[in-house]
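Letters A, B, ... are given to chains in the order of the sequence lines, protein chains preceding strands, and every chain is numbered from 1. As a basis for the values below, the full set of heavy atoms in this structure was taken, side chains included, without hydrogen atoms, waters or symmetry mates. Small disclaimer: the values here were computed from a predicted structure and weren't measured.
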Amino acid sequence: MNRGGIRRLVSVASPVSIAAALFIVIVVASAIFAPWVAPASPLAQHIPNRLQSPGADGHLLGTDEFGRDILSRLIYGARVELVIALGATAVAFVLGSFLGLIGAYIGSWVELVSMRLVEALLAFPPILLAMLVVTIYGSGQLTLIVVLGLVFAPAFARLTFAQTLSVKSAEYVEAARAFSAKTPTILGRVILPNIAGALIAQLPITLANTILLESGLSYLGLGITPPTPSWGGMVASGQRFMAVDPTLLIVSSATIVLTVLSFGLVGDAVRDWLDPRERKALRAR
Amino acid sequence: SSGGSDGDGSAASTNQVLKFGFSAEPAKPTTNAGTASTVNYQLYGLMHRGVMMYSDTGKVVPALAEKADQVDDTTYTFTLRSGLKFSDGSALTAQNVKNSLLHYADPANSARSYPGMKYIKSIEVTDDQNFTITLSSPNSSFLEFLADPSAFIVPDSELKEGAEADIGAGPFKLTSWKDGVGLTLKKSNDYYDAKDVKLKEIDVTFYPDATARVNALQSGDVDFIDYVPWESFDQLKSAGLTVKGAVSSFQVAQFNVTKAPFNNPLVREAVAYAINRDNANKAAFFGNATSLYGIPDTGSTGEKLWSHDPDKAKELLKQAGYTNGGPTVHLLANSTYTFLQDVATSLQADLEAVGFKVELTSPDWNTFTEQALKGQYDVTVQGEIANVTDPSAWLAVMVQPPTAANKTYGYNNDALNKALGSALSSTDKTAKQKYLDEAYQIIGTDVPFASIDRRTQAYAYDSKVAGFSVMKGFTQPYSINNLTNVYMADN
Amino acid sequence: MPANESPSQSLLEISGLRISFPSAVGLTEVTHGTDVSVTVGEVVALVGESGSGKTVTAMSIPRLLPAGASMAGSIRFDGEELTTASDERIRQLRGSQISVVFQEPMTALNPVYTIGRQLTRAIRLHDDCTSAEARIRAIELLRQVDLPNPEQMLARFPHQISGGQRQRALIAMAISGRPRLLIADEPTTALDVTVQAGILALLRQLGARHGMAVLIITHDMGVVADIADRVVVMHNGSVVEHGTADEVFYRPTDDYTRSLLAAVPSITTVDIPVIEPERPRAEPVVELTDLGVQYPGGCGFGRPRFDALTEVTFDVMPGEIVGLVGESGSGKSTLGRAVLGLTRITSGSASVVGVDVTKAGRAELRQLRRHTSVVFQDPGSSLNPRATIGQSITDPLKWTGIERRRSALAARAGELLEQVRLPSSWADRYPHELSGGQRQRIGIARAIATRPRVLVADEPTSALDVSVQATVLDLLLELQSELGFSCIFISHDLAVVEKIANRVVVLQAGRVVEVDSAAQVLRAPREEYTRKLLSAVLVPDPHAQRERRLSLTNAQSRPTG
Amino acid sequence: MTPYIVRRLASGILLVWIVLTLIFLAIHAIPGDPAYQLAGGDSGVTKEGLEHIRNGLGLDKPFLVQYGDYLGGVVTGNLGTSFSTGQKVTAAIGSRLPITLELISCAAVLSIIIGLPFGAWAARRRGWRDSVLSGVTSIALAVPVYVFGAVMVLLFAVTWHVLPAGGLPPFGAGPGAHIERLIMPVVTLSLAFLAIIARMTRASVGETLRQDWVRTATSIGYRPNVVFRDHVVRNSLNPVITVIGLEIGTFLGSSVIIERVFNLPGLSSLLIDGVTSRDYPVVQGVVIVISVLFVVINLIVDIVYGLLDPRTRQR
Ligand SMILES: Nc1ncnc2c1ncn2[C@@H]1O[C@H](COP(=O)(O)OP(=O)(O)OP(=O)(O)O)[C@@H](O)[C@H]1O
Ligand SMILES: Nc1ncnc2c1ncn2[C@@H]1O[C@H](COP(=O)(O)OP(=O)(O)OP(=O)(O)O)[C@@H](O)[C@H]1O
Ligand SMILES: [Mg+2]
Ligand SMILES: [Mg+2]
C-alpha cells in the first residue's frame with residue numbers, strides 16, 4: 001500500500017522494536033535451520049544425567065527429565081510452536097476479520113448468519129472445543145492449527161464487526177461507494193486500513209493465546225504428543241517438577257514471553273507506521 | 001520409605017480430627033458397578049467392613065467374622081462376632097452377609113469383587129451368627145477375596161439398583177458429602193472395635209490435582225494426603241513431613257499378539273530384554289520405584305525372568321528374522337497418567353536402541369482404554385495391581401481371556417492356563433509351587449507381558465499424625481484401614 | 001468585561017510568526033514571519049489564497065497546531081506572551097478568553113455525544129450554573145445562531161444534522177464562554193446567505209455588546225466587506241497587505257490583493273442575455289418525481305421520523321448544469337446523496353442515466369456509479385485518512401476500471417493536482433497535511449477524474465478563495481463543454497450559481513419552491529423566498545454593505561429549515 | 001429497542017439449540033465408552049455388567065432417540081443425571097456455577113479497573129510508558145496461568161504461609177476466609193485479561209487521541225484530564241468492550257486450570273472432568289449453561305455499543 005514501505009517502517013522504528021524484530025528473525029531462522037543450529041537431537045534421551053542445571057557438561061540450558069538437551073528442544077520446539085501459533089493466528093485473523101467485515105458492512109441476513117456463527121463458536125469455551133477436537137483427531141499440528149484458528153477467529157470477528165460498524169458510516173467510505181468501488185475493495189482497501197489498529201493490537205494477544213492454549217492442552221495431557229518438543233508442552237512438564245528443578249519451567253516460559261513480547265512490539269511499530277499521522281510524529285522525533 | 005507402625009508415643013491431642021486430602025473424589029459407594037479407584041477403596045475401608053479384612057501387617061484376618069475355618073477344598077464355615085451393628089444401629093446378621101455376597105456374585109451387578117465371588121455355589125445360614133459357604137471349584141485365595149474392602153456387608157436396603165451404600169459396619173460413618181469439595185466421616189460407635197478407634201472425625205477434602213494436594217499438605221490445609229506424586233517425595237521429606245509408602249502396582253509392556261511383529265514370542269522377548277528399567281524408574285518415578293525383571297512377589301523363581309541386555313535383544317530380533325533393523329511398531333501410551341506416558345517415552349528410547357522403529361501415540365485415558373480393548377496397538381504400557389496376593393489367582397486374570405484393556409491383547413496359552421489352574425486348585429504348598437514355577441518358565445519365554453518396574457505408592461503427613469503404618473505389596477491400597485490405629489498427637 | 005473600552009487598546013499582537021511542519025525533506029516552513037494584530041472589540045478579516053497559512057496562523061494562538069508542527073515568533077494576548085506561557089495558562093485562556101470555530105465542522109464534534117450535551121458542558125465549564133439553566137442557555141445560543149427548533153437539535157447527534165447546522169452548533173459552542181477573542185475559521189462556508197447574514201450580525205452584535213474581538217478567516221469578500229473593520233491579506237505564507245476594509249477594498253496596493261478583488265464573482269455584475277428556456281430535447285439524465293427522503297428521528301428509537309425531502313420533482317438534461325440553492329438544512333445534500341443512491345429514498349422515484357435508483361440492486365448501482373461522480377460537502381471527512389491524496393484522486397479510476405497501470409495513474413494524479421492548482425509533487429501527502437481548501441480541491445480533482453456523465457457537487461468551492469474558486473469554476477465549465485456532463489451544483493453562493501448554472505432549483509425545508517432557468521430565477525424570481533435569498537447576497541463593497549445592513553438584520557428573526 | 005432485544009433473544013435461543021446439538025454430536029463422537037469405566041474399568045468388567053449399565057444410562061437406544069429424549073428433557077428444564085456421580089446435572093451445575101461466576105466476575109472487574117487506566121496511561125504519554133506496557137502485558141499474556149498459580153501458591157501458601165493454598169469455603173461461613181482464599185485465584189486469573197484490556201485500550205486510545213473533536217474539546221478549555229476522559233477514553237471504549245465481551249470464553253478456559261491449581265470445585269473443572277470421564281449429560285448441561293450465559297453477555301455488549309457509539313445504532 002505504501003511505496004518504499006519497509007524502508008519507511010525501519011526509518012521510523014524505535015530501537016526496541018528493531019531489537020524485537022531481530023529476535024523474531026533469530027527464532028524463525030533457528031526454527032528453519034534447527035538441524036544445523038541445535039547442539040543435539042531433541043529426542044536423544046540420557047536419563048542418567050537428567051535435570052542438569054544450565055551449563056552442565058555442554059548443555060547450555062541444562063537438560064529435562066529425560067536428560068534431553070533443553071536448548072535443542074527449544075529450537076525444535078520453535079518449529080512446532082511457530083507453525084501452530086502463526087498458522088492458527090493467521091486462520092483466526094483471516095476468517096474472523098472476514099466474517100466481521102461482511103457482517104457489519106452488508107448487515108441484514110449476512111450479519112445474522114456470520115455473527116450467530118461467531119457466537120456459536122464463542123459459546124464453546126476454547127479449551128472445550130480444543131479438547132473435543134483433539135480427542136477425536138489426535139493432537140497433530142494441522143489439527144491444532146485449525147482448531148486454535150477456529151477458537152480465536154471470533155475475537156477478530158467481533159472486533160472487526162464493532163470497528164466496522166463505527167466507520168462504515170464515515171463519509172470516505174460513502175465516497176468509495178459513490179465512486180463505484182466493489183464491496184471487496186471497500187472492505188479491503190478502505191475500511192480495513194482504518195480499523196487496522198485494533199486488529200493489529202489483537203494479533204500478539206491471539207498469538208499468545210494460541211501458545212497458551214496449546215500449553216494448557218499439554219497441561220491437561222492433550223497437547224502435542226511427546227516426545228516431540230513444543231514450548232507449551234515443555235512449560236507444562238516443567239511446571240510438574242518446578243519445586244525439584246525450575247530450570248525447564250523458567251527457560252521455556254521465558255522463551256514464550258520474549259517471543260510474544262517481540263511480536264507485540266513489532267505489531268505496535270507496524271500499527272504506528274500504518275497511521276500517517278503517527279508516522280509524521282515519529283519523523284519529527 | 002518403609003512400612004511398619006512408627007512407635008512415637010507422643011501424647012494424644014484433645015481434638016482427634018484428621019484433615020485428609022483425597023487424591024480424587026470417590027464415586028458414591030454402591031453395591032453395583034464396583035468402581036476400582038483407590039480412593040473408593042479408602043472410603044470402603046473407612047465406612048465398611050467385610051467378613052474378612054487385611055490387618056495392618058497385610059495379613060488376612062477375620063473382621064466381622066470372629067472365626068473362619070476351611071472345612072475342605074470348597075467349604076468354609078464362619079462365625080460372626082456377637083452383637084454386630086450397622087452404623088445406623090440396626091443389627092447385622094448372617095442373613096445380611098449371605099444377601100450381600102450373593103449380590104456380588106451376580107455378574108449383572110458387575111461388582112468389583114465378582115472375580116472372587118463368582119466361585120460361590122451356595123451359602124447356608126445356620127443362625128444369626130453362623131453360616132457356611134460352598135464354592136463351585138477350589139480357590140485357594142477365596143478368603144482374600146472376602147477381605148477385599150469392596151466385599152463389604154450392607155443392609156439389604158442397599159443391595160437395590162442405584163441405592164447408595166452409605167450405611168456400613170465400618171469404623172466410621174459418613175455424615176456429609178459436598179460434591180466436588182469433600183466429605184466428613186465421624187467415628188461410628190456401632191463398630192465392633194470402636195473402643196480402639198482414636199480418631200473422632202476425618203475431614204476429607206478432594207484434591208484431584210497432585211501439586212495442589214502436596215501444596216495443601218505443605219501449607220497445613222490438611223494433615224494427611226494419599227497418592228504422593230513421585231516428584232514430591234524429597235521435597236516433602238526435606239520440608240519435615242513424613243512420606244511413607246510401599247511398592248505395589250507394577251508397570252508392564254503388553255502386546256497385541258494377534259498380528260506381527262508381536263505374534264512372534266522372540267520379538268516379545270526381545271522387548272523384555274531391551275527395556276532399561278532403571279531409566280524408566282528414574283524418568284517416571286524420580287527413582288521412587290524398583291526395577292522389575294519378572295513377576296512381583298513371587299520369590300527368586302518368578303522375579304528374575306529377564307534382564308537388561310540390549311545385545312541379547314538384538315540377537316533375538318535377528319532370530320525372529322529382522323536381520324537389518326527391527327520392525328516398526330505402534331506404541332500406545334495415555335496422556336492422563338503422566339507416569340505411564342513417561343515410562344512409555346523411556347521405553348520408546350529403549351526399543352529404538354535395539355532397532356525397533358517406534359510411533360508413539362498418547363490419547364486420553366478413555367480413548368486409550370477403548371483402543372486397548374480393541375487391540376489397536378502393537379505394544380502399550382499399563383499399570384497392574386492384583387487384588388489378591390496369590391499369583392495363581394491374579395496372574396490367571398492377567399494372562400487369560402476375556403480381553404480387558406489391561407491385558408495383552410488376544411493372548412491365550414493353554415499350557416500356561418493349565419499350570420496356573422492346577423496351582424490355584426492345589427492346596428498342598430510344594431505342589432502349588434511346582435505348578436507356579438512351571439508357569440513362570442512359560443511366561444519367561446513366551447512373554448505375555450514384559451515387566452518394567454514397581455512403583456512406590458506413598459502417603460504423606462505432618463507431625464501431628466501418629467500411629468500410621470503402610471501395608472506392603474498388593475495390599476498397599478488397603479493401608480487406609482490402618483487409620484483405625486491413627487491418633488492426633490499434640491505438639 | 002466593560003463594553004465601553006477604548007477600541008484602540010490592542011488585544012492580540014502576532015509578530016514574526018513562523019510555522020513549519022516535518023516533511024520527507026526535513027522541516028518545511030509554511031508561514032514566513034506573519035504579523036497580525038487585533039484590538040479590543042474589533043473584527044479583523046484574514047483573507048488570502050487557500051493554503052496560504054491562514055488557519056495555522058490562527059490555530060497557533062490558542063496553541064492548537066497539529067502534532068509535529070513547530071513555531072517561532074511572538075504572540076501577545078492582552079499584553080501577555082503566549083508562546084512562552086504554561087500549558088495551564090493557555091488552558092485557562094481557551095474558551096473563556098480565546099475561542100475557536102474550526103474550519104471543518106463535520107469532524108469537529110464528538111460523534112458520541114448529543115449536541116445538547118456538548119453545548120451544555122461547555123457552558124457549565126465557564127459559568128457555574130445548574131444543568132437546567134445551562135440547557136436554557138444552550139437553547140438560547142442555538143436560537144441566536146439561527147438553528148431551527150433548538151430543543152429538538154439538542155437531542156440530535158452530530159451525524160444527524162446538516163453541515164451548516166453543525167457549523168452553527170460549533171459557533172454556538174465557541175461563543176458560549178463569552179470569549180474576548182473569537183477565532184472564526186471560515187465560519188459560514190456551509191451557510192446560505194440568509195443564515196450567513198444572521199451569523200455575521202450576531203458576531204457584530206457580540207463585538208458591540210461585550211467588546212468581543214473577532215479574527216475571521218474567510219474567502220468570501222462579501223463577508224469581509226460586510227463585517228471586517230480591518231483586513232489582513234495572506235499569500236504563500238506571508239502577509240502581503242493589511243489595512244482598514246475601505247483601504248483594502250478601494251485602494252489595494254498589492255497585486256495579489258487586486259487579482260483577488262478582480263476575481264470576485266458578483267451577482268450584480270453578471271451580465272448574460274436571458275436565453276429563454278429552449279432546453280435540449282433529449283432524454284433527461286436525472287429524473288426525480290415526488291422524491292421523498294425520511295431520516296429516522298432522534299436516536300433511532302421511537303422518535304418521530306424527520307422529512308428531509310418531500311415530493312421533489314425536477315429533471316436534468318444531458319449537458320445541463322442545475323444549481324441547487326436553498327437555506328442550510330433544506331435538504332440539498334440529502335438530495336444529492338439520494339440521486340446517487342447513497343441515502344435511502346423513502347418515497348417517489350429517481351432515475352439516473354436510465355437506472356431507477358429506488359429499485360436498483362448493488363450491481364446496478366455500481367453500474368450507475370461508473371457514470372456518476374460527486375464532490376462531498378465536507379472535504380475532510382470524505383477523504384480516506386489512510387490513503388495519500390494521490391491514491392484518493394486516482395482510486396476511482398481503478399475502481400471504475402478506466403485505468404489500472406500504476407505509472408499512468410501516477411501521471412494522471414499529477415495532472416489533476418495541477419488542474420486544481422496544487423503542486424503535482426504533493427501526490428503522496430496525506431489529507432491531514434492539507435489546508436481545508438486544498439482538501440476540497442482534492443475532492444474536486446477526484447470527482448472529475450472519472451469523466452462522469454452526471455456530477456453532483458455539494459458546495460464544491462465553499463472553502464476556496466475567490467481566485468482559486470474562479471480557476472476551479474472555469475475548469476468545471478471547460479470540462480463540461482468538453483465532456484458535456486450534467487451537473488447538480490449545490491451552493492449557497494448565488495453569484496457562483498449564476499456564473500455556472502443553466503437552471504436553478506430552489507429548495508426550502510425539503511420542498512422545491514422554484515425551478516427555472518438561472519437567469520429567470522436569479523434576475524426575476526417569482527417566489528418570495530427566492531427574493532429573500534437574493535436580497536441577502538453580500539456585495540464585496542463595504543459602503544454598500546453598511547447601507548444594506550439595517551434592512552437585512554431585521555429580516556433575520558424568521559425561523560429557518 | 002424492545003423489538004430489537006426480542007429479536008436477539010429469539011436468535012439467542014436458536015444459538016443455544018445449535019450449540020446444544022453440536023456438543024451432543026461432538027461428545028458422542030469422541031471415542032471412549034462411558035459405561036466401561038463405570039462397569040469397573042480394567043478390573044473385571046463383565047459383559048452382563050456392561051449391558052446392564054449401558055441400558056441403565058440409555059446408551060443402548062438409537063442415537064436419534066437419545067437426542068430426542070435429551071432435547072425433550074432440556075425443554076422441560078431437566079438436564080439429566082451425571083453418569084459418574086448419579087447426581088442431577090442441574091444440581092451439580094447449581095452447586096458449581098456460583099464459584100465460577102464469582103471467580104470470573106471478580107477477575108473481570110479487577111482487570112478492568114486496572115487494565116483500562118493502565119492502557120490509557122501508556123497511550124497518553126507514549127515513550128517509555130509504552131515499553132513498560134508492552135513488557136508487563138507480554139509477560140502476563142505469555143506465562144500460562146497454571147505457572148503463575150503454581151508460583152503464587154509456592155510463595156504465599158507453601159513458603160510464607162500467608163495465604164491458604166486452595167479451596168473456597170462458602171461465603172456464609174466467614175467472609176474473611178472466603179475472600180482470603182479468593183485472592184490468589186482471582187489475581188492469577190485476571191493477569192492475562194488485564195493485559196488484553198490494557199493493550200486494547202492503548203491501541204484504541206492512541207487512535208482517538210488525534211481526532212478533530214479532541215482539538216475542539218481542548219479549544220473549549222477543558223482540563224486535559226477531562227478532555228482525555230470524556231473525549232478520548234470514552235470514544236475508545238468500543239473495542240475494549242468487545243474484547244471484554246468475548247474474552248469471557250477464554251476465561252472459562254483458563255479458569256479450568258485455575259480451579260485445578262487452587263482446588264476450587266467450579267463449573268469449568270466439572271466440564272473438563274465431564275469430558276475426560278465421558279459424562280455426556282454433565283458436559284452437555286454445562287455447555288448449555290455457558291452458551292446461555294453467552295447469549296446474555298453478547299446482548300449486553302451489543303446494547304452497550306449502542307450506548308457508547310450512536311453511529312452503530314442505525315440498525
Ligand atoms: N442522518 C440524519 N438523521 C436525521 N436527520 C438528518 C440526518 N441527516 C440530515 N438530517 C436533517 O435533514 C435535513 C437536511 O439535511 P441536509 O444535509 O440535506 O441539509 P443541507 O441542505 O445540505 O444543509 P447544509 O447546506 O447546511 O449542508 C437537515 O434538517 C438535517 O437536520
Ligand atoms: N499537518 C500538516 N502537515 C504538513 N503541512 C500542513 C499541515 N497542515 C497544513 N499544512 C500546510 O500549511 C499550509 C497552510 O495551511 P492552512 O490550513 O493554514 O491554509 P489556509 O490558509 O487555512 O487555507 P484554506 O483557506 O484552504 O483553509 C498549507 O500549504 C498546508 O499544505
Ligand atoms: Mg484553513
Ligand atoms: Mg449539506
Can you say whether Leu125(C) sits under 4.5 Å from chain D via the side chain, the backbone, both, or neither, judging by heavy atoms?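 Side chain only.
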Region of Leu170(C) in contact with chain D, defined by heavy-atom distances below 4.5 Å: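 Just its side chain gets close to chain D.
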Who wins among Ile220(D), Val214(D), Asp230(D) for the most heavy-atom pairs under 4.5 Å with chain C?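 Winner by heavy-atom pair count: Ile220(D).
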Does Thr100(D) use its side chain to pair, donor to acceptor, with the backbone of Leu267(D) at less than 3.5 Å?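 Side chain of Thr100(D) to backbone of Leu267(D), a donor-acceptor pair under 3.5 Å: yes, one is there.
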Mark yes or no for whether Arg135(C), through its side chain, and Thr120(C), through its backbone, hold a donor-acceptor pair below 3.5 Å.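 Checking the backbone N and O of Thr120(C) against the side chain of Arg135(C), no donor-acceptor pair under 3.5 Å is found.
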Flag for Gln92(C)-Arg89(C): side-chain donor and acceptor within less than 3.5 Å: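 The answer is yes; a qualifying pair exists.
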So that I can tick it off, tell me whether Glu140(C) and Arg137(C) are bridged by a salt bridge, with the cut-off set at under 4.0 angstrom between side-chain N and carboxylate O.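 No, this pair does not count.
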Residue among Met173(C), Met59(C), Arg121(C), Gln97(C) with most heavy-atom pairs under 4.5 Å to chain D: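 So the answer, after comparing Met173(C), Met59(C), Arg121(C), Gln97(C), is Arg121(C).
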